[in-house]
Amino acid sequence: MQWLIDYRINGEERSLLMQARSIPHIKAIAFSIYVREFPLQPRPLNSAAEVESWLEACGITISDVRLGKSRA
């Protein structure tokens, strides 16, 4: 399935399309945003709480996660 992730980075609205079998976990979403926005930066730490703190520190707010397209 394809999931459409809407997020804001420093006030700018952005979207990301990602593949996942079920609704993606916050860490999967954060790492997908990381790859797109900060390709040369070190990865955030692994726990969900640390990932949420990293998103906040980077000025990223996830506003919506919705099914974009399901495979038939």
Side-chain angles (χ1 to χ4, degrees):
M1 289 186 256
Q2 292 182 337
W3 296 88
L4 185 60
I5 314 299
D6 292 327
Y7 65 98
R8 221 171 294 131
I9 182 165
N10 297 321
E12 182 181 330
E13 295 283 335
R14 298 194 184 176
S15 294
L16 171 72
L17 193 61
M18 67 181 288
Q19 297 276 85
R21 290 184 179 196
S22 61
I23 191 164
H25 188 275
I26 184 71
K27 287 179 8 180
I29 294 169
F31 289 138
S32 293
I33 293 171
Y34 155 81
V35 167
R36 181 177 185 184
E37 300 292 342
F38 307 104
L40 302 176
Q41 299 296 318
R43 285 184 151 203
L45 302 172
N46 289 330
S47 83
E50 292 163 339
V51 168
E52 290 174 27
S53 296
W54 174 81
L55 288 171
E56 186 178 323
C58 292
I60 297 170
T61 305
I62 298 169
S63 55
D64 194 19
V65 177
R66 63 185 181 276
L67 185 59
K69 193 176 202 180
S70 177
R71 292 184 190 160

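Positions are given from 1 along the sequence.
Listed by chain and number, the residues in a side-chain contact (heavy atoms from CB on, under 4.5 Å) with R14 are Y7, I9, E12, E37 (sequence neighbours excluded). The side-chain hydrogen bond (donor to acceptor under 3.5 Å, both in side chains) test applied to E13 returns R8, not counting sequence neighbours.
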Distance-only donor-acceptor pairs under 3.5 Å for side chains of residues 58-66, two or more places apart:
from: S63; atom 1: OG; to: D6; atom 2: O; distance (Å): 3.1
from: D64; atom 1: OD2; to: R66; atom 2: NH1; distance (Å): 2.9
from: R66; atom 1: NH1; to: D6; atom 2: OD2; distance (Å): 2.3
from: R66; atom 1: NH2; to: D6; atom 2: OD2; distance (Å): 3.4

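Distance check: Q2 CD to M18 CE gives 11.0 Å after rounding to the nearest 0.5 Å. In this structure, CH2 on W54 lies 13.5 Å from NZ on K27, to the nearest 0.5 angstrom.
The two residues L4 and S15 make their nearest non-hydrogen contact at CD1-CB, 4.0 Å.
With contacts defined as side-chain heavy-atom distances shorter than 4.5 Å, the pair L55/I26 qualifies.
Put simply, V35 and L17 are part of two different groups of oily side chains (I, L, V, M, F, W, Y) that touch within less than 4.5 Å, one to the next.
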